Structure formats: C-alpha cells, structure tokens
Amino acid sequence: GDDPMGGMGGMMGALDPALPERLHTAVIDLHCGLLNNMASILLNTGKVDRAIQRLSETIALRPDDKTALSRRAKAYWKANKVGSCEHDITTLLGLEPEHKDALKLKKQVDIKNASYDKKQKDMFKGMFS
C-alpha cells in the first residue's frame with residue numbers, strides 16, 4: 001500500500017521490505033534521533049526508567065550509537081544499576097577509547113566498586129579466621 005510503515009503507525013519493526021535501502025536507513029536514523037531526544041528530556045525530568053527504555057530501543061536499532069550508549073550509561077548510573085552502566089561504558093570505550101563522558105563515568109564506577117569491595121572485606125574480615 002501507500003503506507004511505508006506497513007500500517008503500523010511508525011513501528012520500526014514493520015518497515016516495508018520493498019523500501020529502498022537509503023530510505024529505510026533514513027527512517028531508522030530519524031527514529032533513533034527522536035528516541036535520543038525523548039530520552040534526553042526524560043532524563044532531565046527525572047524519568048530515568050523511561051529514558052532507559054527509549055535508549056535501549058535506539059541501541060537495539062543502532063548498537064554503535066555513541067550518544068545513546070553514553071546517555072544510557074548515565075541513566076543506569078542514576079538508577080544505581082552499576083553493572084549495566086559498566087557494560088555500556090565498556091561498549092562505548094570499545095567504539096571510542098578516549099570518549100570523555102565514558103572515561104569520567106568509568107572513574108566514578110571504579111571508585112564506587114573499590115568502596116564496595118573494601119566494605120565487603122571489612123564486613124567479612126573476622127568471620128573466617
């Protein structure tokens with residue numbers, strides 16, 4: 001039909017396979033840009049979990065989207081999901097080893113992990129000796 005979205009009202013998974021590749025790529029790029037912008041607004045208004053959802057949608061479409069990875073790492077940090085934050089930092093640094101935001105956040109994560117490790121050692125210090 002005439003609807004390039006296959007009647008799905010913009011659902012990215014329903015793009016018409018007959019669309020020329022350039023148009024398909026342009027639609028995905030636009031969609032990812034919109035998701036990134038929505039996530040930025042959600043983060044700025046304290047809606048961290050919803051921001052993570054939007055950023056995850058972007059990353060599912062574009063796994064190498066550095067903006068989305070950086071924002072999601074920051075969102076995971078805000079949500080105290082340190083393991084997920086570390087995963088995104090590692091992915092981001094794999095794409096761009098000198099990414100300033102990722103390096104800054106990695107320092108914060110390393111400090112938090114070192115503090116946690118020390119607390120664990122102190123807590124169990126006398127238990128097994």
Side-chain angles (χ1 to χ4, degrees):
D2 293 332
D3 183 0
M5 297 297 170
M8 296 300 292
M11 300 291 290
M12 293 311 297
L15 280 177
D16 185 340
L19 277 178
E21 184 63 27
R22 273 190 358 224
L23 180 57
H24 183 268
T25 300
V27 170
I28 290 177
D29 289 345
L30 179 61
H31 189 68
C32 288
L34 291 170
L35 288 169
N36 263 322
N37 289 339
M38 285 173 35
S40 179
I41 292 166
L42 290 166
L43 281 172
N44 289 334
T45 57
K47 297 173 180 156
V48 177
D49 289 333
R50 287 180 58 200
I52 290 170
Q53 290 173 345
R54 296 299 165 262
L55 293 163
S56 295
E57 291 175 39
T58 302
I59 294 164
L61 292 166
R62 291 271 187 259
D64 60 348
D65 187 317
K66 291 183 266 188
T67 300
L69 285 163
S70 178
R71 282 190 180 142
R72 191 172 73 172
K74 290 174 190 174
Y76 280 140
W77 179 254
K78 282 184 177 183
N80 200 30
K81 297 178 179 179
V82 179
S84 297
C85 175
E86 282 182 294
H87 179 269
D88 281 357
I89 291 169
T90 300
T91 302
L92 192 50
L93 291 174
L95 295 169
E96 185 180 329
E98 299 301 317
H99 193 283
K100 288 181 184 180
D101 288 341
L103 291 171
K104 182 179 174 184
L105 194 52
K106 185 179 183 326
K107 284 182 186 176
Q108 291 176 299
V109 168
D110 290 346
I111 290 168
K112 185 168 189 153
N113 284 340
S115 172
Y116 177 79
D117 289 347
K118 183 181 178 340
K119 285 179 187 173
Q120 289 293 98
K121 284 179 186 174
D122 290 347
M123 189 169 73
F124 291 109
K125 190 182 277 183
M127 291 181 77
F128 301 107
S129 46

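A quick note: this is a predicted structure, and the numbers were derived from the prediction, not measured.
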Report task. Compare every heavy atom of His31 with every heavy atom of Leu61, then report the nearest pair and how far apart it is. Result -> CD1-CD2, 3.5 Å
Query raised in the report: Roughly how far, to the nearest 0.5 Å, is CG of Asp29 from NE2 of His24?
Result: 10.5 Å
Query - Residue pair Asn80, Lys112: steps toward the side-chain contact (heavy atoms from CB on, under 4.5 Å) verdict - result: CA-CA 10 Å; Asn80 200 30; Lys112 185 168 189 153; 2.5 Å; yes
Query raised in the report: In Å and rounded to the nearest 0.5 Å, what is the CD1 to NZ distance from Ile111 to Lys106?
Result: 11.0 Å
Query - Tyr76: which of His87, Lys81, Arg71 passes side-chain contact (heavy atoms from CB on, under 4.5 Å) - result: Lys81
Query raised in the report: Can any side-chain N or O of Thr45 pair as donor or acceptor with the backbone N or O of Ile41 at less than 3.5 Å?
Result: yes
**Report entry** Minimal non-hydrogen separation, Val48 against Ala79, with atom names
**Finding:** CG1-CB, 4.0 Å
**Report entry** Arg54 CZ to Leu43 CG distance, which is reported to the nearest 0.5 Å
**Finding:** 12.0 Å
Query raised in the report: At their closest point, which heavy atom of Asp65 faces which heavy atom of Cys32, and how far apart are they?
Result: OD2-CB, 4.4 Å
**Report entry** Cluster companions of Trp77 among Ile, Leu, Val, Met, Phe, Trp, Tyr (side-chain spacing under 4.5 Å)
**Finding:** Val82, Ile89, Leu93, Leu103, Leu105, Val109
Report task. Taking the side chain as every heavy atom from C-beta outward, state whether Arg72 and Thr58 have any atom pair closer than 4.5 Å. Result -> no
Query raised in the report: What is the distance from atom CD1 of Ile59 to atom CD of Glu57, rounded to the nearest 0.5 Å?
Result: 10.5 Å
Query raised in the report: So, for Ala73 and Cys85, which heavy atoms are closest and what is the spacing to 0.1 Å?
Result: O-SG, 3.3 Å
Query raised in the report: Leu35 and Leu42: same hydrophobic cluster, using ILVMFWY side-chain contacts below 4.5 Å?
Result: no
Query raised in the report: If only atom types and distance count, is the side chain of Ser40 paired as donor or acceptor with the main-chain N or O of Asn36 below 3.5 Å?
Result: no
Report summary line: Note: Ala51 and Ala39 closest approach over all heavy atoms is CB-O, 3.7 Å
Query raised in the report: Can you check side-chain contact (heavy atoms from CB on, under 4.5 Å) on Lys107 and Lys104, steps first, answer last?
Result: CA-CA 5 Å; Lys107 284 182 186 176; Lys104 182 179 174 184; 6.0 Å; no
Query raised in the report: Looking only at heavy atoms, which two atoms of Leu95 and Pro63 are closest? And how far apart?
Result: CD1-O, 4.5 Å
Query raised in the report: Nearest 0.5 Å, what's the NZ-CG distance between Lys66 and Asp101?
Result: 12.0 Å
Query raised in the report: Charged N to carboxylate O below 4.0 Å: is that the case for Asp88 and Lys74?
Result: no
